[in-house]
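Numbering starts at 1 and runs along the sequence shown.
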Amino acid sequence: MELAMRKDVPVELTWDLSLIYPTDAAMEADLEEAKKLAYHIEAAYPGRLNDPEMIVECLREYEQLQIKLYLISNYTDLAVSVDYYDTAAQEKNEKIAALEAQIASRLSFIESEINAADEAVLDEAIAKAHRSKHYLEDIRRGKPHQLSPETEKVLAALRKSFSTPYEVYNMAKLADMKFPSFTVDGKEYPLGYSLFEDDYEYERDTNVRRAAFKAFSDKIRQYENVTATAYNSLVTTEKVIANLRGFDSVFDYLLFDQKVTREMYDRQIDLITKELAPHMQRYARLLQKKYGLEEMTFADLKLTLDPDYDPRVTPAESKEYVEKGLAILGDDYVSMIEEAYRDRWFDFAKNQGKSTGGFCASPYGVGSFILLSWNDRMSDVFTVAHELGHAGHFRHCNRAQSLFDTNVSSYFVEAPSTMNELLMANYLLKTSDDKRFRRWVLSSMINNTYYHNFVTHLREAWYQREVYKIIDAGGSVNAEVLSDIFRRNLKTFWGDAVVLNEGAELTWMRQPHYYMGLYSYTYSAGLTVATQAAARIKREGQPAVDDWKKVLDAGSTLDPAGLAALAGIDITTDKPLRDTIAYIGEIIDEICRLTEELDGIKA
């Protein structure tokens, strides 16, 4: 299980960044073109953005610049994400990030001058614009929070500095932490960040699983103070910017770009905490009985209900699953999947220094790049389907919209990804009438799709909200405070059903989402939309699929409520969320019934 170095992993398990640029020289050439275009814009437009046609022409060139910078930054950043030990790649990425901040500062006059233009001029520019219409509307929307041109220039120049807390977090986690092995019953086991999260959390042997949890927790605890300091630096900076821009709270500031209300944000956290908790506590007790555990601990929550039934799947074999599971989305979608496997969009490799978890990057005008660490489990197939949901979303909107109109609200962005997980499950359920198979599929939905998005990320969101309340009140946080918040967080949700091992409170150290604003709660928001949209596809078939494709095409031309409405869902009310929680409860009820029939175990 010892992880290989990046240079030693088979190339077929890695992604192909030459899809962006065939060589570093090609990237450098495009970088020079980007610099020239930036200098041209800086020379041509200052003092002239009080004319509608000049505004539209400036933004046409500015979009072309942003496309180039987007490709360049993805090319260098993705290289680092798979190997934080590669110092040459880090240096290259740092150089690009610094240049982007410099260009952003020099061109900050664009928004400042547009904001200073007469309303009639802005109205006419919006009417004339095609590719930048919504971008101009967003500039107008943000006008009350715009600072002086000089201040905006300084803030743009500091953009790279604002990302330092996240960089510190990643370097501590992915480069500096060296995990010692641990021993159980005389046998030595290697340990690493991804080994723990991808393997040991699912380990059937209770002694090994809990020993791995302890060893992992002991190691990350050694970094709790530096991690807390990095996080406190981030959230206090966000509060300063919120104050500077005239927002009433840091919540208002962070939700502004998402285009959702504080009520919609709080609803996800409060309703799920209150109404989903009893269902998940019941499921935890079922796992406890299934494994014959004296007590159910936090270290046991990732156990699968029927580990003997979990098929082993290779990356190559996953292709057939996802093609069949997502075929309902049409031939064009299946063609994208074929392209993804053929052209190596995936980085399946498990190696030291690689980012944990999974993500999908979709540079404008190019294919997507999907990171995960393959563990030969069916859960990996669901991860592939999830990330292909992001790829499909941005394949659609990148082709239908300008770059400006692909900045989809994070409130909605996880809907297409989680939708694919549900479509996969619905497909599998139709392939067999066997009760054990049905229970396995349903429990996979609970263990993976709903646990990940409605429990793991939702507990992160509850924790984040408590942190930002402290920051909003003028306070600060440290490791002791953060651990106390997370301990209360877990206790609030799991009650007496789960014993919190020492180390459970350190879960706040394990996710990068805290460095991305109010992002964690959006997984449950997206899955709420996806659950209702998938149910509609199940009921109505092609008309619902057609509407969903319109949603994918729309990009950021609509706010989250508008996108959901296009799919036939009203997220301005709590009904979709309550219906989704009830649906999760129904799945768990059926799992309990099937377990009683199959194993004689009563929940």
Between [X] and [Y], do the side chains contain an N or O donor and an N or O acceptor separated by less than 3.5 Å?
X      : Y      : answer
Gln352 : Tyr84  : no
Ser417 : Glu387 : no
Thr522 : Glu414 : no

Under a 4.0 Å threshold between the charged nitrogen and the carboxylate oxygen, would [Y] count as salt-bridged to [X]?
X      : Y      : value
Glu502 : Lys214 : no
Arg593 : Glu596 : no
Arg377 : Glu201 : no
Arg204 : Asp308 : yes
Lys302 : Glu197 : no
Asp252 : Arg262 : no
Glu505 : Arg221 : yes
Asp205 : Arg209 : no
Asp434 : Arg439 : no

For residues [X] and [Y], determine if any side-chain heavy atom of one lies less than 4.5 Å from a side-chain heavy atom of the other.
X      : Y      : value
Tyr309 : Thr304 : no
Leu303 : Tyr202 : no
Leu271 : Thr273 : no
Asn489 : Glu466 : no
Arg465 : Asp270 : yes
Ile571 : Phe412 : no
Tyr291 : Thr206 : no
Trp462 : Ile272 : no

Which heavy-atom pair separates [X] from [Y] by the least distance, and what is that distance?
X      : Y      : value
Leu577 : Arg267 : CD2-O, 3.7 Å
Lys354 : Leu174 : O-CD2, 3.5 Å
Leu371 : Ser355 : CD2-O, 3.7 Å
Leu506 : Ser483 : CD2-OG, 3.7 Å
Tyr283 : Ser443 : OH-CB, 3.6 Å
Phe213 : Gly503 : CZ-C, 3.8 Å

Legend entry - For Lys350, the option from Asp376, Asp199, Asp380 that meets salt bridge (Lys or Arg N to Asp or Glu O under 4.0 Å): Asp199
Would you check if the side chain of [X] reaches a backbone N or O of [Y] as a donor-acceptor pair within less than 3.5 Å?
X      : Y      : result
Gln464 : Gly517 : yes
Asn453 : Leu527 : no
Thr183 : Gly186 : no
Asn501 : Phe298 : yes
Asp86  : Ala89  : yes

Who are the side-chain contact (heavy atoms from CB on, under 4.5 Å) partners of [X], not counting sequence neighbours?
X      : value
Val9   : Ala4, Arg6, Thr14, Ala349, Asn351
Ser318 : Val313, Tyr341, Trp374, Val381
Glu460 : Thr456, His457, Gln511, His513, Tyr514, Ser520
Thr572 : Ala561, Asp570

Inset, instruction - Could you tell me which residues satisfy salt bridge (charged side-chain N to carboxylate O under 4.0 Å, His left out) with Arg210, sequence neighbours excluded, listed by chain and number? - result: Asp300
Inset, instruction - Quick one: list whatever passes salt bridge (charged side-chain N to carboxylate O under 4.0 Å, His left out) with Glu317, sequence neighbours left out. - result: none
Using atom types as modelled, flag every donor-acceptor pair under 3.5 Å from a side chain in residues 474-482 to any protein atom, sequence neighbours excluded.
residue	atom	partner	partner atom	Å
Asn478	OD1	Glu480	N	3.1
Asn478	OD1	Val481	N	2.9

Inset, instruction - Applying ring pair (Phe, Tyr, Trp, His ring centres under 6.0 Å), name anything that partners Tyr451, two or more places apart in sequence or on another chain. - result: none
Inset, instruction - Report the residues that fulfil ring pair (Phe, Tyr, Trp, His ring centres under 6.0 Å) with Phe179, sequence neighbours left out, ordered by chain and then residue number. - result: Tyr193, Phe216
Legend entry - is_close_aromatic(Tyr521, Tyr265), centroid dist under 6.0 Å: yes
Inset, instruction - Establish, yes or no, whether a centroid distance under 6.0 Å links the rings of Tyr523 and Tyr519. - result: yes
Which atom pairs, donor and acceptor, lie under 3.5 Å between side-chain atoms of residues 490-500 and protein residues at least two apart or in another chain?
residue	atom	partner	partner atom	Å
Lys491	NZ	Gly495	O	3.3
Thr492	OG1	Arg488	O	2.7

Inset, instruction - Indicate the ring-plane relationship of Phe346 and Phe348, choosing parallel, tilted or perpendicular according to the 30° and 60° boundaries. - result: parallel
Inset, instruction - Quick one: sort the Phe437 and Trp440 rings into parallel, tilted or perpendicular, breaks at 30° and 60°. - result: tilted
Legend entry - Positive for side-chain contact (heavy atoms from CB on, under 4.5 Å) with Pro165, one of Thr236, Leu234, Val235: Leu234
Legend entry - Residue pairs involving residues 578-589 (criterion salt bridge (charged side-chain N to carboxylate O under 4.0 Å, His left out); sequence neighbours excluded): Glu275-Arg578, Arg282-Asp589, Asp574-Arg578, Lys575-Asp579
Inset, instruction - Would you please test Ser81 and Phe359 for side-chain contact (heavy atoms from CB on, under 4.5 Å) and show each step? - result: CA-CA 10 Å; Ser81 70; Phe359 66 75; 3.7 Å; yes
Legend entry - Residue pairs involving residues 222-231 (criterion side-chain hydrogen bond (donor to acceptor under 3.5 Å, both in side chains); sequence neighbours excluded): Lys219-Gln222
Inset, instruction - Could you walk me through whether Ile370 and Asp347 pass side-chain contact (heavy atoms from CB on, under 4.5 Å), step by step? - result: CA-CA 6 Å; Ile370 294 171; Asp347 201 279; over 6 Å; no
Inset, instruction - Give the C-alpha distance, both sets of side-chain angles, the deciding distance and a yes or no for side chain to side chain donor-acceptor pair (under 3.5 Å) between Ser409 and Gln258. - result: CA-CA 5 Å; Ser409 167; Gln258 293 184 13; 5.2 Å; no
